[in-house]
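First up is the structure itself, then whatever we jot down about it.
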Amino acid sequence: MKTVEINTATCSSRVICGEGAFNENIPALCRDKLTFTVTDSNVYRIYRPLFDDIFAKSGAVHVIPAGEKSKNYSVLLGILKAMLSSGLKRNSTVFAVGGGVVGDIAGLAASLYMRGVHLVQVPTTLLSQVDSSVGGKTAIDLCGIKNIVGTFYQPETVIADPMFLSTLPAREVRCGLGEIIKTGALNKDIYNKLQQNKEKLEDADFLKDIIYDCIAHKADVVIKDERESGLRKTLNLGHTTGHAFELYYKRKSHGEFVLIGMYYELYIAVRCGICAPEYADSLINLIKRIIKIPAYADAEKACLMAAYDKKNVRAEEISLMVPAKIGQPEELRLPVPKYASIIAECAAQLKENRL
Ligand code: ADP
Ligand code: ZN
């Protein structure tokens, strides 16, 4: 079990990760307090005894339907009303027990209720353990735009316990690997570990080890740039194109789209001379172990729509964070039409099996 401290100008937060993190910390965090626990229907069904034996003894347990569709204002309102009727006070603690969806919406509710109550994140998916539970971003979606309404609100404690991963479907593991491989493009030590263990990326033992590394990397970035004015943008590597495809094609999950986005953006980085082909190939090799890259017929249209619609447009330019050298991402700015046409070129090459 290891602890990562995140102390910034405005808050202090700690992430406790590793085996035993849940059992050794959660009962004490619930003791002598009024708590309010949010989880989703799947996690509740699988881990019912944990809720009955621990969380329900110190307060209410509120279950929301599983899936991204729950990240909306009526589910948020339902949580806030339940907080009120359970008698939650300023010094009470909200526990978010689940994947990124629960973490995002329960975190937002905790930041709003009485202008903010204590928050403990208990991420139960690989993706939320390595990425979304750390850093204090909370959100719901609105009018089809992901994460457009939200706050920065640091949890006091994050408990990332790998025991939850044993029940995770293989596809959810791949999703988490999307963010892990992304972190490998930002951090030399993680890159080396991924290369050394590329045959066993999905093994439980390997994952236990790399979760801490990814959390420590993210914590370091968040300490230096809590509000995403600079360095934190590096964490968006693969996400510009990934989000564009996510909006347009929908069917896959976030982590899978991050990998696909990274692949297309690596093509751009090589094409623009920022990334050496050998380095790009070594990352592509990792990506292809997890997912087959689709040759999207509407790739250009999807990217144009997202670029002109979304918040990352700077005039007519798009900003991408791309891998340049090992452990060294770089920002690349391209005119939107040029960006979209290179994406189309990549899709065409994929279609003809030339990549
Ligand atoms: P994210 O991938 O962002 O963490 P979700 O919160 O939607 O996204 O979680 C993905 C799916 O995994 C959801 O259906 C959720 O109910 C389910 N889930 C979360 N934790 C576990 C777990 N430990 N075991 C099995 N399924 C889980
Ligand atoms: Zn992401």
Side-chain angles (χ1 to χ4, degrees), residues 6 11-16 21-125 128-129 132-141 147 149-161 163-164:
I6 307 179
C11 80
S12 74
S13 171
R14 60 182 180 152
V15 186
I16 306 173
F22 186 93
N23 287 327
E24 288 174 37
N25 293 282
I26 291 290
L29 287 168
C30 290
R31 200 167 298 136
D32 302 327
K33 276 195 203 99
L34 182 60
T35 69
F36 185 89
T37 303
V38 183
T39 189
D40 78 19
S41 46
N42 289 336
V43 179
Y44 187 66
R45 180 174 37 80
I46 302 170
Y47 294 98
R48 183 77 193 259
L50 288 187
F51 293 99
D52 291 349
D53 296 345
I54 302 174
F55 297 110
K57 296 218 163 113
S58 56
V61 175
H62 185 81
V63 183
I64 64 171
E68 180 77 20
K69 62 185 182 315
S70 272
K71 269 174 66 174
N72 64 55
Y73 54 77
S74 49
V75 174
L76 175 68
L77 197 60
I79 295 174
L80 291 169
K81 283 183 175 167
M83 284 172 156
L84 191 61
S85 59
S86 75
L88 215 63
K89 303 278 184 309
R90 192 94 193 240
N91 60 356
S92 306
T93 303
V94 169
F95 287 83
V97 186
V101 167
V102 169
D104 278 358
I105 196 166
L108 179 56
S111 77
L112 295 174
Y113 187 81
M114 292 183 127
R115 301 197 181 91
V117 290
H118 304 285
L119 171 66
V120 175
Q121 291 277 3
V122 185
T124 62
T125 62
S128 59
Q129 294 195 353
S132 57
S133 68
V134 178
K137 281 190 181 177
T138 81
I140 55 168
D141 308 335
N147 298 333
V149 175
T151 53
F152 280 102
Y153 194 68
Q154 293 290 352
E156 287 177 6
T157 308
V158 180
I159 302 290
D161 193 320
M163 80 170 174
F164 289 106

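- Taking CG of Asn23 as the start and CG of Leu50 as the end, the distance is 7.5 Å to the nearest 0.5 Å.
- Thr35 places no side-chain N or O within 3.5 Å of a backbone atom of Cys30 that could act as its donor or acceptor partner.
- Residues Ile46 and Arg48 form no side-chain contact, since every pair of their non-hydrogen atoms from C-beta on lies 4.5 Å or further apart.
- A donor-acceptor distance shorter than 3.5 angstrom exists from the side chain of Gln129 to the backbone of Asp161, with no hydrogens or angles considered.
- When all heavy atoms of His62 and Ala82 are compared, the closest pair comes out as ND1-CB, 3.5 Å.
- A distance of 11.5 Å separates NZ in Lys71 from CG in Leu76, rounded to the nearest 0.5 Å.
- In this structure, Asn72 and Ile140 have side chains that are not in contact, with every pair of non-hydrogen atoms separated by 4.5 Å or more.
- Panel note: side chain Lys137, backbone Gly135; no donor-acceptor pair is recorded below 3.5 Å.
- Taking 4.5 Å as the limit, some side-chain heavy atom of Thr124 sits within range of a side-chain heavy atom of Val97.
- The shortest heavy-atom contact between Val117 and Lys89 is CG1-O, 3.6 Å.
- Summarising the geometry, atom CD belonging to Gln154 is positioned 4.0 Å from atom SG belonging to Cys11; distances are rounded to the nearest 0.5 Å.
- Atom CG of Leu80 is separated from atom CZ of Phe36 by 8.5 Å, given to the nearest 0.5 angstrom.
- The main-chain N or O of Asn147 is found under 3.5 Å from a side-chain atom of Asp141 such that the two form a donor-acceptor pair.
- For Ser70 (side chain) and Ile64 (main-chain N/O), no donor-acceptor pair under 3.5 Å exists by modelled atom type.
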Apply the test side chain to side chain contact (heavy atoms under 4.5 Å, CB included) to residues Val122 and Ile26: give CA-CA distance (whole Å), side-chain angles for both, the deciding distance (0.1 Å), then the verdict. CA-CA 9 Å; Val122 185; Ile26 291 290; 3.8 Å; yes

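- Residues Val43 and Phe51 share a closest heavy-atom pair of O-CE1, 3.8 Å.
- To the nearest 0.5 Å, atom CG of residue Asp104 and atom CD of residue Glu68 are 7.5 Å apart.
- You'll find the ring centres of Phe55 and Phe95 inside the 6.0 Å limit.
- Leu119 pairs with exactly one of Val158, Thr157, Val94 by the side-chain contact (heavy atoms from CB on, under 4.5 Å) rule, that one being Val94.
- A donor-acceptor pair under 3.5 Å links the side-chain atoms of Arg90 to the main chain of Met114, judged by distance alone.
- Between Ile79 and Ala109, the shortest heavy-atom contact is CG2-CB, 3.7 Å.
- Without hydrogens or angle criteria, Lys69 side chain to Ala66 main chain gives a donor-acceptor distance under 3.5 Å.
- The main-chain N or O of Leu108 is never found under 3.5 Å from a side-chain atom of Thr151 such that the two would form a donor-acceptor pair.
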Passes side chain to side chain contact (heavy atoms under 4.5 Å, CB included), Ile54 versus Phe22? Steps please. CA-CA 11 Å; Ile54 302 174; Phe22 186 93; 3.8 Å; yes

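- When all heavy atoms are compared, the tightest approach of Gly100 to Ser128 is N-CB, 3.7 Å.
- Heavy-atom neighbours of Lys81 NZ from other residues, nucleotides or ligands within 6.0 Å: at or below the threshold of 12.
- Checking side-chain atoms of Glu156 against main-chain N and O of Ser12 turns up no donor-acceptor pair under 3.5 Å.
- Note on ring orientation: taking the six-membered ring where Trp is involved, the planes of Tyr47 and Phe164 are perpendicular (angle over 60°, cut-offs 30° and 60°).
- Here the CG atom belonging to Leu34 is positioned 6.0 Å from the OG atom belonging to Ser86, to the nearest 0.5 angstrom.
- Here the shortest heavy-atom pairing between Gln121 and Ala96 reads OE1-CB, 3.3 Å.
- In this structure, the side chains of Val15 and Ile6 come closer than 4.5 Å at one or more pairs of heavy atoms.
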